[in-house]
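Following: one structure in structure tokens, then a few remarks.
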Amino acid sequence: MVVKEGLRAWKRTFWRLILLALGLLYLLLYGIPIVRHLEVLIPMGVCSSATMLLLRDNFTGVLLPWARPEVLTCTSWGAPIIWDGTFNPDMAQQEAGEQNLTIGLTVFAVGRYLEKYLARFLETAEQHFMVGQRVVYYVFTDRPAAVPRVSLGAGRRLHVERVERARRWQEVSMGRMRTLHEALGGRLGREAHFVLCMDVDQHFSSSFGPEALAESVAQLHAWHYHWPRRLLPFERNARSAAALAPGDGDFYYHAAVFGGSVAALRELTAHCARGMQRDRARGLEARWHDESHLNKFFWLHKPAKVLSPEYCWSPDIGPRAEIHRPRLLWAPKEYTLLRD
């Protein structure tokens, strides 16, 4: 009898601990902001001295990864993670100027997103995006006539492409990979040497320069960069083309910012478009739509450069000591107002 009572008490304690752990995890991921700030205690990892000595790229020369010892400044495959202070911005500008580049920036502004966000996105881009470089903006919209007139600097142009408005916002998100692939095979691919693809519901707040360019560029998701791999929101449905097996994945990348050379982006967008088409044929939809497929691509084809969360930061997270200079800020999410 005593043994049975002891066993029951142990079971009650065990399940209480399990429920407490699940409750704390929920609060960490979705609940009280002050609880979520505890994730900064999760270490990001450390670069080896040998790797740090070899870090360099075509736009910044020798990098300075040791300048930010509190954060991870390289990947396991030797790509740099760009944080404020790890590069010389003047050298980046000089390198890009000597290469005589034209840089493309694409953005989709469909439905109510056009009037809500596009003007501020373009106006702040003129203030902070690739200042001093040749830039061509590509705006994809269902209402070309409604695109706001923005005063552009010398060597900077805006081109508007009409797209059909989809019935569901998810279709807009997933359809952009196919649209981008076609554009990169046409005029955009002929005009630009490197292209960055961004969401419209954000705005620039500080210099976003040539240090962000590379053959392929991924962005660390601001809400997930401290999380352990097993908690990252990869697609886990094995039937989906976007699926990653448990233990797979390096980082969780944000689809709000990605880029690279025209050739590399053609490969990325083709991969994502094929994957979504295959899922659709099976009656599937990945958990995070095109972002899930983008994460699968970057698992299979490692990015040459990774941008820190400073390059796409959410003010809802609040201030963090490691975020020195946010370059691009999320706008408040108003999904009920903007999504049909």
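A quick note: this is a predicted structure, and the numbers were derived from the prediction, not measured.
- Formation of a donor-acceptor pair under 3.5 Å by the H289 side chain with backbone atoms of E291 is not found in this model.
- Side-chain contact between L105 and V195: absent, with no pair of heavy atoms (C-beta onward) separated by less than 4.5 Å.
- Ring pair F140/Y138 is tilted by interplanar angle, where 30° to 60° counts as tilted.
- Listed by chain and number, the residues in a salt bridge (Lys or Arg N to Asp or Glu O under 4.0 Å) with R68 are E70, E310 (sequence neighbours excluded).
- At a threshold of 4.0 Å, the pair R156-E126 counts as salt-bridged, since one of the basic side-chain nitrogens sits closer than that to a carboxylate oxygen.
- Of the possible polar contacts, one joining the S308 side chain to the I82 backbone as a donor-acceptor pair under 3.5 Å is found.
- In terms of modelled atom types and a separation under 3.5 Å, the side chain of R236 and the main chain of A245 share a donor-acceptor contact.
- Counting only distance, with no hydrogens or angles, the side chain of E161 and the backbone of P144 share no donor-acceptor pair below 3.5 Å.
- Between the side chains of E322 and H226, at least one donor N or O lies within less than 3.5 Å of an accepting N or O.
- A tilted orientation is assigned to the rings of F121 and F204, their planes being inclined by 30° to 60°.
- The closest side-chain donor-acceptor pair between Q93 and Q133 falls under 3.5 angstrom.
- There is no path of hydrophobic side-chain contacts, each under 4.5 Å, that joins L307 to M91.
- Between the side chain of K296 and the main chain of G249, no donor-acceptor pair closer than 3.5 Å is present.
- Counting only distance, with no hydrogens or angles, the side chain of D142 and the backbone of G111 share a donor-acceptor pair below 3.5 Å.
- Using cut-offs of 30° and 60° on the angle between ring planes, the pair W330 and H254 is tilted.
- The aromatic rings of H271 and H301 sit perpendicular to each other, their planes meeting at more than 60°, with 30° as the lower class boundary.
- For N237 and R287, the side-chain atoms include no donor-acceptor pair closer than 3.5 Å.
- When side chains are defined from C-beta on, F108 counts as touching T179, because their heavy atoms get closer than 4.5 Å.
- The aromatic rings of H224 and W227 stand perpendicular to each other, their planes meeting at an angle above 60°, with 30° marking the opposite boundary.
- Contact check for R176 versus D290: side-chain heavy atoms found under the 4.5 Å cut-off.
- Counting only heavy atoms from C-beta outward, the side chains of L72 and F251 approach each other to under 4.5 Å.
- Side-chain atoms of E123 and Q127 form no donor-acceptor pair, as typed in the model, at a separation below 3.5 Å.
- For residues 61-134, the pairs satisfying disulfide bond (SG atoms under 2.5 Å apart) are C47-C74, with sequence neighbours left out.
- Enclosure of atom CD in Q277 is not indicated, since only 12 or fewer non-hydrogen atoms of other residues, nucleotides or ligands lie within 6.0 angstrom.
- In terms of hydrophobic clustering, with Ile, Leu, Val, Met, Phe, Trp and Tyr side chains grouped at heavy-atom distances under 4.5 Å, V150 and F129 are assigned to a common cluster.
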Check step by step if ring pair (Phe, Tyr, Trp, His ring centres under 6.0 Å) holds for H203 and W313. CA-CA 10 Å; H203 66 274; W313 183 247; over 10 Å; no

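- K305 contributes no side-chain N or O that, together with a main-chain N or O of A79, makes up a donor-acceptor pair within less than 3.5 Å.
- Side-chain polar atoms of Y117 and Q202 form no donor-acceptor pair below 3.5 angstrom.
- Listed by first then second residue, pairs satisfying disulfide bond (SG atoms under 2.5 Å apart) with a partner in residues 200-286 number zero, not counting sequence neighbours.
- With contacts defined as side-chain heavy-atom distances shorter than 4.5 Å, the pair V257/Y311 does not qualify.
- Residues W223 and I81 are members of one and the same hydrophobic cluster, defined by side-chain heavy-atom contacts under 4.5 angstrom among Ile, Leu, Val, Met, Phe, Trp and Tyr.
- The hydrophobic clustering, which links ILVMFWY residues whose side-chain heavy atoms are closer than 4.5 Å, places M198 and L158 together.
- Checked for salt-bridge contact, E191 and R157 meet the test: a charged N lies under 4.0 Å from a carboxylate O.
- By the 4.5 Å heavy-atom criterion applied to side chains, D199 and V107 are not counted as neighbours.
- Both V163 and L180 belong to a common hydrophobic cluster when Ile, Leu, Val, Met, Phe, Trp and Tyr are linked at side-chain heavy-atom distances under 4.5 angstrom.
- In this structure the side chain of V306 never reaches within 4.5 angstrom of the side chain of D250, judged on heavy atoms.
- A donor-acceptor pair is defined here as one N or O able to donate and one able to accept, closer than 3.5 Å; such a pair exists between the side chain of W77 and the backbone of P303.
- In this structure, a donor-acceptor pair under 3.5 Å is present between the side chains of H159 and R187.
- Taking the charged nitrogens against the carboxylate oxygens, R120 and D201 have no contact shorter than 4.0 Å, which rules out a salt bridge.
- At least one donor-acceptor pair under 3.5 Å links the side chain of N295 to the backbone N or O of Y253.
- No side-chain donor-acceptor contact under 3.5 Å links Y225 and Q219.
- Between the side chain of T73 and the backbone N or O of P69 there is no donor-acceptor pair closer than 3.5 Å.
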